[in-house]
**Student:** 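Sharing a structure here in structure tokens format.
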Amino acid sequence: LTNNKVNLNFQGRALCAPFFFVGFADFWLADQLNSLVPVLLDFQYMICFYATNEGNWSTATDYNKCVDKTWFIRPIVACLPAYLRFAQCLRRYRDTGEKFPHLANAGKYTTTIFVVIFSTLYNTYEANNQDLTYQPFFYTWIVFSFLSSIYAYIWDIKMDWGLFDSNAGDNKFLREEIVYTNVVSTY
């Protein structure tokens, strides 16, 4: 297969995560998409901007129309990578039966989805000039942003980087396998 066909195959498998076994390349691609959410949102904006200004790009005056009038597309674009990883985590749990780490990892992506949902609800009600003296969506957005950040930070430090591993042996607070033989340089 050519590179393009392989890439399309992995993208299709990532989109169909709950229905197929999830391999390394599948979740690697979905992880990359999670890192690229700002780029994907910019890409959505670019397509909208150039498609709706009818070739008159240098004199376009309403820069917010691709944010305000397509408010429903942006949260979908922002949530899709997190949903893909969430579905992959559930599938890996189904295949292995291991609650940890798969369900815990799914929880991390769930908090990301809640951040996007409450951010969208807050911005929607703010845009409609609703009474902002008591805005529950703002507070839930802040709470889930905090929880999501802390959850992802702890997950990255402990699970992805392997720091603070209690079974590390001689390498206190580091992972079992280290690259450098001099432990002091690693700290």
Side-chain angles (χ1 to χ4, degrees), residues 4 7-20 22 25-92 102-156 160:
N4 290 338
N7 190 13
L8 286 175
N9 183 30
F10 287 139
Q11 288 175 5
R13 287 181 56 85
L15 288 172
C16 299
F19 308 112
F20 298 105
V22 178
D26 302 323
F27 71 79
W28 181 85
L29 177 64
D31 269 343
Q32 298 306 309
L33 289 174
N34 272 284
S35 299
L36 292 173
V37 165
V39 175
L40 296 173
L41 290 171
D42 287 346
F43 187 65
Q44 178 271 329
Y45 181 88
M46 181 191 71
I47 290 172
C48 174
F49 181 82
Y50 287 118
T52 59
N53 281 312
E54 300 168 3
N56 200 7
W57 303 320
S58 61
T59 60
T61 56
D62 188 8
Y63 299 109
N64 286 328
K65 75 177 173 182
C66 290
V67 175
D68 296 340
K69 294 183 178 161
T70 60
W71 66 269
F72 56 92
I73 294 175
R74 294 182 69 78
I76 293 170
V77 170
C79 277
L80 187 60
Y83 167 74
L84 294 176
R85 280 298 288 132
F86 171 77
Q88 288 176 343
C89 291
L90 293 182
R91 177 59 193 224
R92 290 190 61 150
H102 304 303
L103 292 182
N105 201 12
K108 180 177 72 165
Y109 293 104
T110 303
T111 61
T112 302
I113 293 169
F114 280 127
V115 168
V116 173
I117 289 170
F118 288 121
S119 170
T120 302
L121 289 171
Y122 168 69
N123 288 322
T124 300
Y125 280 97
E126 182 184 46
N128 291 336
N129 296 322
Q130 299 290 338
D131 181 21
L132 295 179
T133 55
Y134 177 71
Q135 180 55 271
F137 298 128
F138 174 75
Y139 299 112
T140 52
W141 172 38
I142 296 300
V143 166
F144 274 101
S145 293
F146 178 76
L147 291 174
S148 181
S149 297
I150 295 298
Y151 202 152
Y153 176 75
I154 291 171
W155 187 271
D156 287 347
D160 292 345

**Student:** Are more than 12 heavy atoms from other residues, nucleotides or ligands located less than 6.0 Å from atom CZ of Phe137?
**Tutor:** yes

**Student:** Under 6.0 Å between ring centres, would you say that holds for Tyr109 and Phe86?
**Tutor:** no

**Student:** What's the separation between atom CD1 in Ile76 and atom CD in Gln44, rounded to the nearest 0.5 Å?
**Tutor:** 10.0 Å

**Student:** Sequence neighbours left out, what passes disulfide (SG to SG under 2.5 Å) with Cys79? Give chain and number order.
**Tutor:** none

**Student:** About how many Å separate CH2 of Trp71 and OG1 of Thr120, when rounded to the nearest 0.5 Å?
**Tutor:** 8.0 Å

**Student:** For Arg91 and Gln88, does a side-chain donor sit closer than 3.5 Å to a side-chain acceptor?
**Tutor:** no

**Student:** Heavy atoms only: give me the nearest Leu41-Arg74 pair and the separation to one decimal.
**Tutor:** O-NH1, 3.3 Å

**Student:** Any side-chain heavy-atom pair from Asn105 and Lys108 closer than 4.5 angstrom?
**Tutor:** yes

**Student:** Measure the CZ-CG distance between Arg85 and Asp31 for me, rounded to the nearest 0.5 Å.
**Tutor:** 4.5 Å

**Student:** Output, in order, the C-alpha distance, side-chain angles, deciding distance and verdict of side-chain contact (heavy atoms from CB on, under 4.5 Å) for Thr52 and Cys66.
**Tutor:** CA-CA 9 Å; Thr52 59; Cys66 290; 4.0 Å; yes

**Student:** Would Phe20 and Cys16 count as a side-chain contact (heavy atoms from CB on, under 4.5 Å) here? Give the steps.
**Tutor:** CA-CA 7 Å; Phe20 298 105; Cys16 299; 3.5 Å; yes

**Student:** For Asp156, check side chain to side chain donor-acceptor pair (under 3.5 Å) against everything at least two apart and list the hits.
**Tutor:** none

**Student:** Return the CG to CG distance between Asn34 and Leu40, rounded to the nearest 0.5 Å.
**Tutor:** 9.5 Å

**Student:** Test your reading of the model: is there a side-chain donor-acceptor pair from Tyr151 to the backbone of Ala104, 3.5 Å cut-off?
**Tutor:** yes

**Student:** Starting at CD1 of Ile117, measure out to OG1 of Thr140 and round the result to the nearest 0.5 Å.
**Tutor:** 10.0 Å

**Student:** Restricting to non-hydrogen atoms, name the atom on Val115 and the atom on Trp141 that form the minimum distance, rounded to 0.1 Å.
**Tutor:** O-CD1, 3.5 Å

**Student:** For side-chain contact (heavy atoms from CB on, under 4.5 Å), just list the numbers for Asp26 and Leu84, CA-CA rounded to whole Å, side-chain angles, deciding distance to a tenth of an Å, and then say yes or no.
**Tutor:** CA-CA 10 Å; Asp26 302 323; Leu84 294 176; over 6 Å; no

**Student:** Compare every heavy atom of Ala82 with every heavy atom of Thr112, then report the nearest pair and how far apart it is.
**Tutor:** CG2-CB, 3.9 Å

**Student:** Where is the tightest heavy-atom contact between Leu90 and Ala106, given as atom of each residue plus distance?
**Tutor:** CD2-CB, 4.3 Å

**Student:** Look up atom CZ in Phe118 and atom OH in Tyr139, then write down how far apart they are to the nearest 0.5 Å.
**Tutor:** 15.0 Å

